Amino acid sequence: MKKIIANFKMNKTPSQIKQYLIDLMARYKDGDKVELGLSIPYPSLPIAKFLIGERKIKLGAQNLSDEEVGKNTGEVSGEMLKDVGVNYVIIGHSERRKKFKEDNKTINNKIKMALKNGLEIILCVGESLSEYNTLKTKDVLTEQLESAFKGLYENELENITVAYEPIWAIGTGKTPSAREIEKASKVIRSVIKEDFSAKASENLQILYGGSINAKNISQFKNLKYSNGFLVGGACLDLAEFLQIINVFI
Ligand code: PGA
């Protein structure tokens, strides 16, 4: 089963999401080949939950607070997301790390908050262009993973998917080669094996994200060490997103 997760980022109003979902559900059939997840902006979550109903489409948020409740104007808690019917939350996206100054400690706290509230997690990790050029990908991934997973129990990893998203590939039209993605996925698995166990490493779900589109998806169709894709820009156009999904059906 391939996991295909859409990341809408800060795009589409609730009315537009409503129409998108109506169209998507008319054209996409639940099956056992693809696990589909839609990470949409907060205001659209309730209408999306209502429209998805009993369909096997997972509903995701793109962030949550690292605190539980109270004096945090503008923030949204894990408990609120759970109550709305959200299944999973993206944590550590590079846009949040960079623009909103989320450091590894904050990301670790957010993961714990999501787990506490019974939310699944998509944890994003990835190197910058200069780190890529100076062959630091392995070091960066190791550091990001080890700090994100600090204090977690092995069984909690069952609720976490790791998305390898090289920063230089996000929204740029550039991607690593299939071999480079495989190599990064192996690094991710080896960190988990070292810090937890061989079983946790084998069971870990890994996605690739960064400039995936309908034109290049077939290049990455047969990746062995990763389990799916996190799709940003290309999910916004439903026809293109369906083309990506259909490669796996
Ligand atoms: P992109 O974004 O597909 O537009 O490159 C991916 C992401 O940021 O998750």
Side-chain angles (χ1 to χ4, degrees), residues 2-12 16-17 20 24 34-42 44-45 48 57-64 86-102 107 110-111 114 119-129 131-132 137 140-141 144-145 148 160-178 180-181 184-185 188 205-221 223 226-248:
K2 283 280 172 202
K3 207 168 184 151
I4 301 188
I5 306 290
N7 177 9
F8 282 67
K9 309 194 180 190
M10 197 174 73
N11 291 294
K12 296 199 190 286
Q16 290 165 338
I17 296 262
Y20 183 99
L24 171 72
V34 166
E35 179 190 322
L36 186 59
L38 305 175
S39 329
I40 62 177
Y42 293 139
S44 301
L45 291 169
I57 298 171
K58 287 196 173 177
L59 183 61
Q62 301 169 14
N63 184 30
L64 85 168
V86 162
N87 305 105
Y88 71 89
V89 57
I90 297 177
I91 296 178
H93 191 283
S94 63
E95 286 155 15
R96 296 220 53 93
R97 289 181 192 255
K98 194 159 177 240
K99 283 196 196 168
F100 302 94
K101 311 270 181 288
E102 290 188 7
I107 288 162
K110 288 190 174 197
I111 290 178
L119 295 164
E120 290 169 41
I121 292 148
I122 309 244
L123 169 70
C124 298
V125 293
E127 80 286 0
S128 67
L129 185 59
E131 289 161 344
Y132 171 79
T137 301
V140 173
L141 294 181
Q144 288 177 340
L145 289 166
I160 303 180
T161 296
V162 175
Y164 170 54
E165 295 214 313
I167 299 169
W168 53 272
I170 297 176
T172 58
K174 294 190 195 119
T175 64
S177 65
E180 287 172 312
I181 296 174
S185 304
I188 293 167
Q205 295 266 300
I206 300 179
L207 310 179
Y208 166 74
S211 292
I212 283 294
N213 58 40
K215 284 204 190 84
N216 63 22
I217 187 68
S218 52
Q219 261 171 260
F220 305 114
K221 199 178 147 186
L223 294 177
S226 60
N227 312 83
F229 300 91
L230 182 53
V231 182
C235 77
L236 298 175
D237 176 59
L238 180 59
E240 174 158 22
F241 190 45
L242 287 169
Q243 277 181 47
I244 295 172
I245 295 170
N246 284 334
V247 166
F248 301 100

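We number each residue from 1, following the sequence as shown. Being a predicted model, the structure only gives us computed values, none of them experimental. First listed ligand is number 1; within each ligand, the first listed atom is number 1.
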Notebook entry, point to check: Does ligand 1 have a heavy atom under 4.0 Å from the side chain of Cys124, from its backbone, from both, or from neither?
Noted result: neither
Next item on the list: May I ask you to check whether Thr172 has an N/O atom sitting below 3.5 Å from an N/O atom of ligand 1?
Entry: no
Next item on the list: Using a strict 4.0 Å cut-off to heavy atoms of Ala169, name the atoms of ligand 1 that fall inside it.
Entry: 5 (O)
Note to self: Out of Gly210, Pro166, Gly232, Gly173, who is nearest to atom 3 (O) of ligand 1 when you count heavy atoms only?
What the structure shows: Gly232
Check: Going by heavy atoms in the side chains, are Leu36 and Leu24 under 4.5 Å from each other?
Finding: yes
Margin query: Return the CD1 to CD1 distance between Ile4 and Ile217, rounded to the nearest 0.5 Å.
Written below: 6.0 Å
Check: Numbering the atoms of ligand 1 from 1, which are under 4.0 Å from a heavy atom of Leu230?
Finding: 9 (O)
Note to self: What I'd like to find out is whether the side chain of Tyr42 reaches to under 4.5 Å of the side chain of Asn63, using heavy atoms alone.
What the structure shows: yes
Item checked: Asn7 contact mode with ligand 1 (heavy-atom cut-off under 4.0 Å) -> side chain
Checklist line | Those atoms of ligand 1 less than 4.0 Å from some heavy atom in His93 | finding: 7 (C), 8 (O), 9 (O)
Notebook entry, point to check: Backbone or side chain, does any N or O of Gly233 fall under 3.5 Å from an N or O of ligand 1?
Noted result: yes
Note to self: Tell me whether Ile170 has any N or O atom under 3.5 angstrom from an N or O of ligand 1.
What the structure shows: no
Check: Parallel, tilted or perpendicular: which describes the rings of Phe220 and Tyr208, with under 30° parallel and over 60° perpendicular?
Finding: tilted
Margin query: Under a plain distance cut-off of 3.5 Å, with no hydrogens placed, do Gln62 and His93 share a side-chain donor-acceptor pair?
Written below: no
Checklist line | Nearest-contact summary for atom 2 (O) of ligand 1 - protein heavy atom, Å | finding: Lys9 NZ, 3.3 Å
Next item on the list: Apply side-chain contact (heavy atoms from CB on, under 4.5 Å) to the pair Leu129 and Lys174, showing each step before the final yes or no.
Entry: CA-CA 11 Å; Leu129 185 59; Lys174 294 190 195 119; 5.7 Å; no
Check: How about Ile91 and Ile160: do any of their side-chain heavy atoms sit closer than 4.5 Å?
Finding: no
Check: Ser44 and Lys12: side-chain donor and acceptor closer than 3.5 Å?
Finding: no
Next item on the list: Give a yes/no verdict on whether any heavy atom in Ser211 is under 4.0 Å from an atom of ligand 1.
Entry: yes
Item checked: Close-contact set for ligand 1 against Glu165 heavy atoms, below 4.0 Å -> 6 (C), 7 (C), 8 (O), 9 (O)
